[in-house]
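Each remark here refers to the structure printed beneath this line.
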Amino acid sequence: MTSGTPQITLYNTLTRTKEPFRPIDANNVRMYVCGPTVYDFAHIGNARPVIVFDVLFRLLRQVYGADHVTYVRNITDVDDKINARALRDYPDLPLNEAIRKVTEKTEAQFLSDAERLGNLPPTWQPRATDNIAEMQVLIGNLIQRGHAYEANGEVLFSVQSMPDYGQLSGRNLEDNLAGARIAVDAHKRNPADFVLWKQSSVEEPGWDSPWGRGRPGWHIECSAMSERYLWDEIRDKLSPEAHRHPHAFDIHGGGLDLIFPHHENEIAQSRCAHGTHAMANIWMHNGFLQVEGQKMSKSLGNFYTISQLLDSEDFGGRKWPGEVLRLAMLMTHYREPIDFSVARLEEADRMLRKWARVYVQSSDECYLADWAVEALADDLNISELWARLHSLARQAEQDASIGRDVTATLNALGFKGLFLKLSGAPGTTDGEDSAIEALVTARLAALNAKDFAKADAIRNELAEQGIALMDYKDENGERQTKWEVKR
RNA sequence: GGCCUCGUGGCGGAGUGGUGACGCAGCGGAUUGCAAAUCCGCGUACUCCGGUUCAAUUCCGGACGAGGCCUCCA
């Protein structure tokens, strides 16, 4: 690593402290984030980790080089909730076909949502069903090493076979038992043992395995997919140092709620299957969000999917551009809770409109300026980034050259799309705005002829279309007009 | 019951053991044909109670309040 590389600091759930980020192999930075289970449209809460870790991905790409970061986000397409949904929605189809319909449709919707929220596609987006063999290998290893056993048609992970089980969530087996809400299954050696493989009935989806025709448990999927894409597939490229820490990768992320049991169990599986000390070095978790001050739930009527916010007027009586949703999510540090509200979206909308005035439409440059990297390097301190951007945007209003960094940084943060439609000036936009431009030009002519009545009439006409005009004088003292979409 | 977070001005939101980040909204002024935009100015906030300290919003303890996990969940 060169001395010029900024030092990134990240909060590690494993140690509950901020730590300097030191990739195992700086030429191959590896990150895994738990993706969606594709049984239903993603809601706005699901969008948070997608956006948060996209920002981290973009930061890492900038610091270590775009070709030196591997980001995996899985698609869970085998799950009992999916089966239930398939039965409900396609009762007349054979189950496997119905499942495929559900998962394909939901996955396509998720990918579209993610893109419209300004996220880059991860390096890999593996599906669980394409990695069944990898899961079986892991399960076989676990059995062989004495960490898993068959009972009652299931393969179970034995938590007491792992002395330091519970490290991530900071809980021990005794504490868990004290809660006494864990279902007592007679076939489990310990109530906290969890399923790695379970048998499927004839009509349920299943794969042949040494333990009978069945399907994987939830946790094993992520262990298998991270292993495949962050170790197996790139091990030949990894440094000698990385080979001294086989199977381990740099960052594992997800929502706060996944700490236990999901991530805890992933760690147990991956470490015990390979006999290693770490699955990932840094574990990151984003905070939860509420909607209008309450936990989002269908019964409270404050449950919103991403596509609903984008395309319907269900929330606040209007549609919200993806970039507005994105900024609303990024107004707060990723570990803090967010109250997702109409007021918050309106504020995000106003912030973007302000920046649109200094945004250089013609620029395709896309990089995080030094001041942005510096802010994000401190555990993704995005508030600090906005503070700096605000200050520079104010200067850019007077000095256009500063707008270049601001523009490139906004592009690099995934906000480009909105700015292209938000505002313009004659000659700077493409064909679809020509009607606006014609009126603006006509109004300028009226103004120069001191026909203020006509000029105001044109301005009112445009205002009714949601276009606001702003007059200013150019460097020659000539009157010019800019316009922006008020919505 | 156990384990975690968190509590900053009207709102959003960083940060810090000692001069009130930053933004949104609001108010006053400059500018403008009128506007808008812009510029200048305006706010003495850190839940409460103890403790440590010369000094605490910042550290420690407690109370109260909010949220999460312990069961599918971002």
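Chain identifiers are assigned alphabetically (A, B, ...) following the order of the sequence lines, protein sequences preceding nucleic acid strands; residue numbering begins at 1 within each chain. Please read all numbers here as calculations on a predicted model, not as lab measurements. Every heavy atom of this structure was used, including side-chain atoms; hydrogens, water molecules and symmetry mates were not.
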- With a non-hydrogen cut-off below 4.0 angstrom, is His43(A) in contact with a base, only sugar-phosphate, or nothing? base
- Checking all strands, does Ile382(A) fall into the base, sugar-phosphate, or nothing category for heavy-atom contacts under 4.0 angstrom? nothing
- Task: For Gln290(A), answer base if it contacts any base atom (sugar-phosphate contacts may also be present), sugar-phosphate if it contacts only those atoms, and nothing otherwise; contact means non-hydrogen atoms under 4.0 Å.
- Result: sugar-phosphate
- Task: Would you please determine if the base of rG23(B) is stacked by Trp386(A), with stacking meaning a centroid separation under 5.5 angstrom and planes under 30 degrees?
- Result: no
- Message: Taking any heavy-atom pair under 4.0 Å as a contact, classify Ile259(A): base, sugar-phosphate, or nothing.
- Response: nothing
- Query: What do the steps show when you test Asn74(A) against Tyr32(A) for side-chain hydrogen bond (donor to acceptor under 3.5 Å, both in side chains), and what is the final call?
  - Reply: CA-CA 8 Å; Asn74(A) 68 291; Tyr32(A) 186 95; 3.2 Å; yes
- Query: So does Arg350(A) get a side-chain nitrogen or oxygen closer than 4.0 Å to the phosphate oxygens (OP1/OP2) of rA25(B)?
  - Reply: yes
- Query: Does the side-chain hydrogen bond (donor to acceptor under 3.5 Å, both in side chains) test come out yes or no for Arg30(A) and Ser226(A), once each step is laid out?
  - Reply: CA-CA 9 Å; Arg30(A) 291 165 288 162; Ser226(A) 58; over 6 Å; no
- Looking only at heavy atoms, which two atoms of Glu204(A) and Leu95(A) are closest? And how far apart? CA-CD2, 3.9 Å
- Message: Would you measure the distance from the P atom in rC70(B) across to the matching atom in rC60(B) and give it in whole Å?
- Response: 28 Å
- Query: Do the two ring centres, one from His263(A) and one from His285(A), sit under 6.0 Å apart?
  - Reply: yes
- Query: Base, sugar-phosphate alone, or nothing: which one does Asp79(A) contact when heavy atoms must sit under 4.0 Å apart?
  - Reply: nothing
- Message: Is the phosphate of rG23(B) approached by Lys354(A) (side-chain N or O, under 4.0 Å from OP1 or OP2)?
- Response: no
- rG13(B) P sits how many Å from Glu336(A) CD, rounded? 8 Å
- Message: For rC3(B), give the paired nucleotide (Watson-Crick: N1-N3 plus N6-O4 or O6-N4; G-U: N1-O2 and O6-N3; both under 3.5 Å), or none.
- Response: rG68(B)
- With a non-hydrogen cut-off below 4.0 angstrom, is Gly254(A) in contact with a base, only sugar-phosphate, or nothing? sugar-phosphate
- Task: Calculate the interatomic distance between Glu347(A) atom CD and rC22(B) atom C1'; express it in whole Å.
- Result: 11 Å
- Nucleotide opposite rU53(B) in a Watson-Crick or G-U pair, distances under 3.5 Å: none
- Message: Which nucleotide, if any, forms a Watson-Crick or G-U wobble pair with rC73(B), using both distances under 3.5 Å?
- Response: none
- rC11(B) - base-pair partner by Watson-Crick or wobble geometry, distances under 3.5 Å: rG23(B)
- Query: In whole Å, what is the span from the CG atom of Asp80(A) to the P atom of rC73(B)?
  - Reply: 11 Å
- Item | Nucleotide paired to rC34(B) in any strand shown, Watson-Crick or G-U, under 3.5 Å | none
- Message: Can you tell me the base-pairing partner of rC39(B)? Count Watson-Crick or G-U wobble geometry only, both distances below 3.5 Å, and say none if there is no partner.
- Response: rG29(B)
- Enclosure of Arg335(A) CZ (heavy-atom neighbours >12, cutoff 6.0 Å): yes
- Item | Atom C1', compared across rA45(B) and rG13(B): separation rounded to whole Å | 12 Å
- Item | Closest nucleotide among rC69(B), rG13(B), rG33(B) to the Ser383(A) side chain | rG13(B)
- Message: Quiz question: by atom type and distance under 3.5 Å, do the side chains of Thr76(A) and Glu221(A) form a donor-acceptor pair?
- Response: yes
- Item | Donor-acceptor pair between Ser341(A) and Asp339(A) side chains, under 3.5 angstrom | no
- Regarding the side chain of Met331(A), the nearest nucleotide among rG33(B), rA14(B), rG12(B) is rG12(B)
- Short side-chain N/O contact to rG68(B) OP1/OP2 from Lys295(A), under 4.0 Å: yes
- In whole Å, what is the span from the CG atom of Asn381(A) to the P atom of rG15(B)? 5 Å
- Message: Distance check, P atoms only: rC4(B) and rA63(B), in whole angstrom units.
- Response: 15 Å
- Message: I'd like the P distance from rA25(B) over to rC11(B), given in whole Å.
- Response: 16 Å
- Message: Return whichever of Tyr11(A) or Phe452(A) has its heavy-atom-nearest nucleotide of RNA chain B closer to the 5' end.
- Response: Tyr11(A)
- With rounding to whole Å, what would you report as the distance between rC40(B) and rU58(B) at their P atoms? 34 Å
- Item | Any Arg344(A) side-chain N or O less than 4.0 Å from OP1/OP2 of rG13(B) | yes
- Query: Are the ring centres of Trp355(A) and Trp386(A) closer than 6.0 Å?
  - Reply: yes
- Query: Atom OH of Tyr165(A) and atom P of rC3(B): how far apart are they, to the nearest Å?
  - Reply: 17 Å
- Message: I'd like to know whether the aromatic ring centres of Tyr304(A) and His43(A) sit less than 6.0 Å apart in this structure.
- Response: no
- When all nucleic acid strands are considered with a 4.0 Å heavy-atom cut-off, which category describes Lys450(A): base, sugar-phosphate, or nothing? nothing
- Go through the N and O atoms of the side chain of Arg459(A) and the base of rC34(B), and report whether any donor-acceptor pair is under 3.5 Å. yes
- Distance in angstrom units between Glu374(A) CD and rA14(B) P, rounded: 18 Å
- C1' atom, rG28(B) versus rG15(B): distance in rounded Å? 30 Å
- Task: When you get a sec, tell me which of rC73(B), rG23(B), rA14(B) is the closest nucleotide to the side chain of His390(A)?
- Result: rG23(B)
- Task: Could you work out the separation of rG10(B) and rU47(B) based on their P atoms and round it to a whole Å?
- Result: 13 Å
- Message: Reading RNA chain B from 5' onward, which residue's closest nucleotide shows up sooner: Ala387(A) or His333(A)?
- Response: His333(A)
- Message: For the P atoms, the ones on rC3(B) and on rC46(B), what distance do you get once it is rounded to whole angstrom?
- Response: 32 Å
- Would you indicate which nucleotide in rA21(B), rG33(B), rG68(B) comes nearest to any side-chain atom of Arg479(A)? rG33(B)
- Message: Just N and O in the side chain of Ser169(A): are any of them under 4.0 Å from OP1 or OP2 of rC69(B)?
- Response: no
- Query: Rounded to whole angstroms, how far apart are CG on Asp471(A) and P on rA37(B)?
  - Reply: 12 Å
- With respect to the side chain of Thr332(A), which nucleotide from rU5(B), rA14(B), rA74(B) is positioned closest? rA14(B)
- Query: Quick one: Leu352(A) CG to rG23(B) C1', roughly how many Å, whole number?
  - Reply: 12 Å
- Just checking Arg394(A): base, sugar-phosphate only, or nothing, at a heavy-atom cut-off of under 4.0 Å? sugar-phosphate
